[in-house]
Structure formats: structure tokens, C-alpha cells
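Each chain gets a letter, A, B and so on, in the order the sequences are listed, and its residues count up from 1.
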Amino acid sequence: MRHIISILLENEAGALSRVAGLFSARGYNIETLTVAPTEDLSLSRLTIVTSGSDEVIEQITKQLNKLIDVIKVVDLSEAAHIERELMLIKVRAAGKDREEVKRLADIFRGRIIDVTESTYVIELTGTSAKLDAFIQAIDTSLILETVRTGVSGIGRGDRILKV
Amino acid sequence: MMMTGAEIVIRCLQEEKVEYVFGYPGGSVLHIYDELFKQDKVKHILVRHEQAAVHAADGLARSSHKVGVALVTSGPGATNAVTGIATAYMDSIPLVVISGQVPSAYIGQDAFQECDTVGITRPCVKHNFLIKDVRDIAATMKKAFYIASTGRPGPVVVDIPKDITANKCEFDYPKTVQMRSYNPVVKGHLGQIKKAVQLLLEAKRPMIYTGGGVILSDASEQLTKLARRLGFPICNTLMGLGAYPATDPQYLGMPGMHGTVEANMAMQHSDVLLAIGARFDDRVIGNPDNFTSLPRKIIHIDIDPSSISKRVRVDVPIVGNVVDVLEEMLKLLDAEKAKPDAAALADWWKDIEGWRAKHCMKYKHKKNVIMPQYVIEKLHEVTGGNAIVTSDVGQHQMWAAQYYKFDKPRRWLNSGGLGTMGVGLPYAMGAALANPDMQIACVTGEGSIQMCIQELSTAKQFRLPIKIINLNNRYLGMVRQWQEMFYGSRYSESYMDSLPDFVKLAEAYGHVGIRVERPEDVEGALKRAFIDHKDDLVFIDFLTDQKANVFPMVAAGKGLSEMILAEDL
Ligand SMILES: Cc1cc2nc3c(=O)[nH]c(=O)nc-3n(C[C@H](O)[C@H](O)[C@H](O)COP(=O)(O)OP(=O)(O)OC[C@H]3O[C@@H](n4cnc5c(N)ncnc54)[C@H](O)[C@@H]3O)c2cc1C
Ligand SMILES: Cc1ncc(C[n+]2csc(CCOP(=O)(O)OP(=O)(O)O)c2C)c(N)n1
Ligand SMILES: [Mg+2]
């Protein structure tokens, strides 16, 4: 099962490598990982998308909690939450493709943020599944480059992850 | 008062009441060594290899419940220390390892003797630090000792660039540590403890399985009270030997790969298993699928939540410090009117006595050949069961664990988790310094002893009266045993050729060497060593049976009840 794990981490040199190292050392998989400081600059917020059986996810959260730099861990996917990922995708947009690509971007509520004679850069936000769907929908031969941020997530309503 | 970073490091060690630092100097730690020289509170033990510095600090910690401290230089000093650090990590031993680092401005430039110590040690430490400002030294050292010794203990590395040890600032050692990201649990959840007590009182075939956590928590007294109060059978893992007296009738021996029939059968057939500070290691429960194929309720007390339900699902998890949880259990039992089910327990003991009657530790004597088991039995006799026994890794380690009956905790020091050959002699050095009035025996093999043999020189310099019991079978015996049993007796590279003359070798280092080749000379040699040469290091080279194997044995991947016994062969 896919899980979104959110971590509050001391914003210190090397803290990220402890988390990443833990995953590789224990053979857990990382689908995406995002990290940035929070409004409190001494803290980083890290989101990891991973998958595994219930036993594996239980071990992952326990092992993460054991890291000295980790302050809090929650499995967002255990309850109501929102996930978003940002993708920048550069596509060939010449001739008849130009209109077609623009229409597709509109359908997915993407924005064209860079335009040349033969290319567009489209910015698209949403769940990972939505970004995947866009890639499926567009003619792959048009795709020149994609870059994705990985998932960020937050709990709904009163679910708050704070020190 | 303004002090240099180096002076601050030493002052921190003094504040922590560190008596011994094991180390080896080099460029990046010269400022620190200079400060060591100027004081006499912290004594430095100069080893002959950094691996041994960490092992010796580890041996001191295991035998004394203090934090062991080692000091090494950057680059090769730090990489040599890694085996020692990983060994301590696997067995949850509290250490602070201080390493020098190249000057801050040179980091990342492939400077002379630079290595990424924090990166290299990260997967085998509880935590590590790279200090970037002299003003951080005191607080970091305080945190290092705190983290190493609390919760589930472990090694902490403090990496200090050379320029930081020369910079100056005011010294102020913090009295306490507050860390928002680290708050180890101590007390167990009362509701869970109550549930556990109920389950224990209802059990028909209960078994207590204890491990290194009982030793680390200094909880032998509480454990003994609890086991006696309940009248339940009990076993100690390799890491827990001595937590419960081995000569007590309720004690079934060690469980696991080389455990006794009675301990393994009782583990396997129990209906309620109380696990205390033990982590269901693969060398203990064998194949987890086989182990869980029988219905059984498991209560697990451990300070580290990640040890619980890691390999085997647990029914009543209790996160907490062993001493505190056992005290609470004893209180609840006092208040409780119900008693364990005496009739069921009597039947259960009958089963256990049946398994015991197999006498699985019996071995055959040979006429003119020394049996290794016999040497350990005699060692127990001559030392009155009161020695601190260290060991290396191999068959000799298992025989020492099986035949030296440990009645007290912190008397048995060995590398269980990492299984590091070479720990025996440095462990004995650490134990000898921490326990100057105790007899110290290092049970080793001719393979293992050569992995840290250079420490005979350290032992001479510091007059450490260690008795080395070399069970010399001229084989990497444990490897040979597996090759005999699982590889058609193809002894690939397990014969120890070109062995040194250990007697001469010991003498070359200034020690006493004795060779023993006949069974009738074993006891006399041990007495000479422990009585006549009480204050000397004595190296006794016992030429033992080359083909002796360790039994019982649960082959890797097999279930606990599928033991191979000596008599089966
Ligand atoms: C050649 C060889 C053969 C071996 N054969 C066997 C064998 O037959 N039988 C055997 O038992 N072992 C054997 N071992 C050792 C084995 O590999 C493991 O090291 C050992 O079984 C682990 O012991 P343990 O479960 O007591 O855990 P330890 O490694 O001692 O771990 C201690 C546990 O207690 C917890 N803890 C620590 N402090 C506290 C506290 N204050 N309060 C609560 N909990 C705490 C920790 O979190 C941890 O989970 C062998 C090793 C070698 C090298
Ligand atoms: C550093 C290290 N290398 C290799 C091993 C694998 N190993 C385990 S036991 C053993 C043989 C040990 O031989 P010896 O010290 O003579 O002990 P014996 O088994 O003969 O009693 C070896 C090579 C190990 N445990 N540690
Ligand atoms: Mg040998």
C-alpha cells in the first residue's frame, strides 16, 4: 500500500542524509521525497511517499522516530489529508500540436508558463495520479522533459503536525 | 575563563567523571593530546590499533555500566575505529568516540587524512556530530554522553576539526540536557503492564525469555524476584547470560542456535512468552514462520519500540525501561490475590524435566586429547565462577557461553550482534581496568586472537593481569563445523596453517606463556595462571580436539524444535 509519511526534522546539516540513509540501509523504498524549511527556520518538513505492508510501514515510522534529529512522524494517509505535487513539463508545440497541447493543458488546469516558437513549458499541480494522467493523455513523442517535485502533504482540518 | 577547544574537550571528560580514555594520537588530535598531558584526572590508555581502542572502551562499558570513551585521529584513525563502533552499536553499548577531523577550511578538499567520518559512521552509530564552532563543544559533549547512555544505549561519535580545538571560548558545562527531538520513555504503560500480569497468571505453559536489555538496565535483582515469585522457567540469550543465575533450578540455559533442548523446547511450546529486553534475533528463534506456527501469546518489554513486533507479532507490547517495568509488575503481583495455576505449572515442569533429561550438554571425553568444553568447566572451577569472561567469535565463544555458568550480570562480554573476531583481548583490557580486583579470563581461538594480538603490548604497558585461554584447534572451527555439516567436509580455507608459537609470542611481549597438550594438565595450568601468576598476563595455549563441534545446533533457517544433538551423529 502507498503511504505518505510526514516528518518534522531538525533543520541541521546531515539530517536529511540520516533519513535517506535509513531507507536505503533497511531496504525501504522511497517513491518521492521532498524537504524544505518551515516557517520556523530551525525545522524542516519532509514528505516521503513509500509503499509496503503494514508491518513494514510500522517499522518505518518506528525507525524514523528513533533518529535523533527527527521530532515528529505521522502517516498522513492514515486519515483525511491533501496531497499535491508540482510538475513542469516541456513539450514540443509546433504546427497543429500547438492548439492540441494548449487544450489538454486547459483540461488539466495546467498553465503555460514559457513559450517559444516550438515549445511550451506547462506547470501542473495536483495529486501524483493527476500528473500521471496528464502524461498518459499527452502524445509521448511530444514530451521533451519533465520535472516533478515529489509529493507534499498536509492533514485536513484539525490534523496538525507541529512541535 | 577562556579555554581552547582541546582544553574544553578534556574538561568535559572530567565533568563526566571519565577515568579512562582509550586512544591513539595523530595530527588532527594533537591539541587534545597536549591537554591530556597537562592533567592527570583522565588517564589515557595507548592501544596499538584504533579498533582495539573502541573495543576496550566497549569492554569497560559492558563490565561496569559506565560510558566507554575512545579518542582517535582523522582519516585512518577513524576508519580503523569503525569495526569497534559497529560492534558496540549492534549490542547497544554506550560509547563516546571522539575523532579528530581536518581543519574546517580543508573539509571537502581531499585534505591529508581526511575522511567523511560522520558519513562513514552514520549507519552504525546511535547519533553523531560534526562540531563547527568551539562554542558548541561543551553542549555537544553533554548531549553525546546523554544520548549514548539513555534509552536504548549506543555509540555516539563526535568529530572535531583541528582548528576548532585551537579556537577559544568560555567553558561552561551544561548541567542538564533538553532535546525536543529525543525523549526516551522509561515507565511502561500501566494498562499494558496490568494486561501482562493477567496473562501471566492465566498461563498454562509460561516461559520467560530475557536478553541484553536486562543487563543494560541493571535489572537482575528484579528479574530474579519476578521469576521466583511466579515459579516460571527462564532462559537468557547470549547477550543476557548472567541476568538470571545459571545455577538456579528454574534456569533452562541459553535458547537459540546453540541453546539447550529444554530452553528451545520451552520457548517453542510455551503458551505465554514473556520477552524482556530481548529482540527475537534470528539466532534465537530460528525460522520466524516455524516459530509463529504454534499459537502463543507474547508479552514484550523493550525500551526501543522498533524492537517490538519487528520479527514476530507481539500481543502485549510494553515500551519502557526493564527495571521500572519489572518493579511495577512486582507491585501488581503483590496486590494481586490470584496465583499462577499450580497444577498446570506442575505439568509444564514435568515436560521440561523430560527435555532436560536429554542432558544435551553432555560430551564425550577422549583419552589423550583435551576437549574444549572440559577446559571451560575447569576454568569455572578454578575461578570459583567469579571471573569476568570475555570471548572472541567462534566455537570457543559458544563453549564459553554454554559451560561457564554465569550467576551474575556483567561477567560475560562478547560480540553477539556483529560477531566480531578480535574483541576478546581488548574487552579483557577494558574489563581489567574497570574491575581491578576481579579475575579476567579471555576465552579465544587461535584465529580470533590473531586479529588483535598487538594488544599484548598494551596489556604489558598497563600491567593488565589477563588470562588468555586459547582453545587452539588449528582451525577456524566454527567455519569448519559449517563446512563439515553443510558443505560435504570441504574445508575451504578454514585450516590455520603457520601458526605462531604462542608461548614464545607471549614471552616476546614480556608475558608468561604455557602450552597444555594433555587433559590431565589442564587444571594445573589454570591454577598456575590464576594463582601463581595472579598478577601477570598469562597466555595458555590449549591444544584442543580439532574435530569437536558445538551442539545442540539449530541450522540456519530451521525451527527451534529441529535441533541437531551430539548424540544424533
Ligand atoms: C557465532 C554466534 C552464535 C550465536 N548463537 C546464539 C545462540 O545460540 N543463542 C543466542 O541467544 N544468541 C546467539 N548469538 C547472538 C545473537 O546473534 C544476538 O546477538 C543475540 O541473540 C541478541 O541478544 P538479545 O536478544 O538479548 O538482544 P540484545 O542485542 O542484547 O538487545 C537488547 C534489547 O534490549 C533492549 N534494551 C536495551 N536497554 C534496555 C532497557 N534499559 N530497558 C528495556 N529494554 C532495553 C534493546 O532495545 C534491545 O531490543 C550468536 C552470535 C554468534 C556470533
Ligand atoms: C572479523 C571476522 N571475520 C570473519 C568472521 C567469520 N567467522 C566466524 S567464526 C570464525 C572462526 C573463528 O576461528 P577461531 O578464532 O579459531 O575460533 P574457533 O571457532 O576455532 O573456536 C570465523 C572466521 C567473523 N566472525 N569475524
Ligand atoms: Mg580455532
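- Taking a 6.0 Å sphere around NZ of K90(A), one finds it holds 12 or fewer heavy atoms contributed by other residues, nucleotides or ligands.
- Other residues, nucleotides and ligands contribute only 12 or fewer heavy atoms inside 6.0 Å of the CZ atom of R135(B).
- Counted within 6.0 Å of CG on N183(B), heavy atoms from surrounding residues, nucleotides or ligands total more than 12; the atom is thus considered enclosed.
- A donor-acceptor pair under 3.5 Å is formed between the side chain of S181(B) and the backbone N or O of I68(A).
- By the neighbour-count criterion of 12 heavy atoms within 6.0 Å, atom NZ of K142(B) is densely surrounded, having more than that number from other residues, nucleotides or ligands.
- Remark: L161(A) CG is packed, more than 12 non-hydrogen atoms of other residues, nucleotides or ligands lying under 6.0 Å away.
- Here the straight-line distance linking atom CD of Q59(A) with atom OG of S307(B) works out to 8.0 Å at 0.5 Å rounding.
- Only the backbone of V70(A) comes within less than 4.5 Å of a heavy atom of chain B; no side-chain atom from C-beta onward does.
- If you measure heavy-atom distances from S24(A) to chain B, you find no contacts under 4.5 Å at all.
- The neighbour count for R92(A) CZ, taken as heavy atoms of other residues, nucleotides or ligands under 6.0 Å away, does not exceed 12.
- Counting non-hydrogen atoms of other residues, nucleotides and ligands closer than 6.0 Å to OH of Y106(B) gives a total of 12 or fewer.
- For the set D304(B), V118(B), I147(B), the count of heavy-atom pairs under 4.5 angstrom toward chain A peaks at D304(B).
- Counted within 6.0 Å of NE2 on H189(B), heavy atoms from surrounding residues, nucleotides or ligands total 12 or fewer; the atom is thus considered open.
- Closest approach of R122(B) and G21(A) over heavy atoms only: NH2-CA, 4.2 Å.
- K62(A) contributes a side-chain N or O that, together with a main-chain N or O of I308(B), makes up a donor-acceptor pair within less than 3.5 Å.
- Within the 4.5 Å cutoff, side-chain heavy atoms of D69(A) are placed close to those of H127(B).
- Taking 4.0 Å as the cut-off between side-chain N and carboxylate O, R313(B) and E58(A) count as a salt-bridged pair.
- When side chains are defined from C-beta on, S309(B) does not count as touching E55(A), because their heavy atoms never get closer than 4.5 Å.
- Looking at P305(B), both its backbone and its side chain come within 4.5 Å of chain A, counting heavy atoms on both sides.
- Under the 4.0 Å criterion applied to side-chain N and carboxylate O atoms, R180(B) and E10(A) are assigned as salt-bridge partners.
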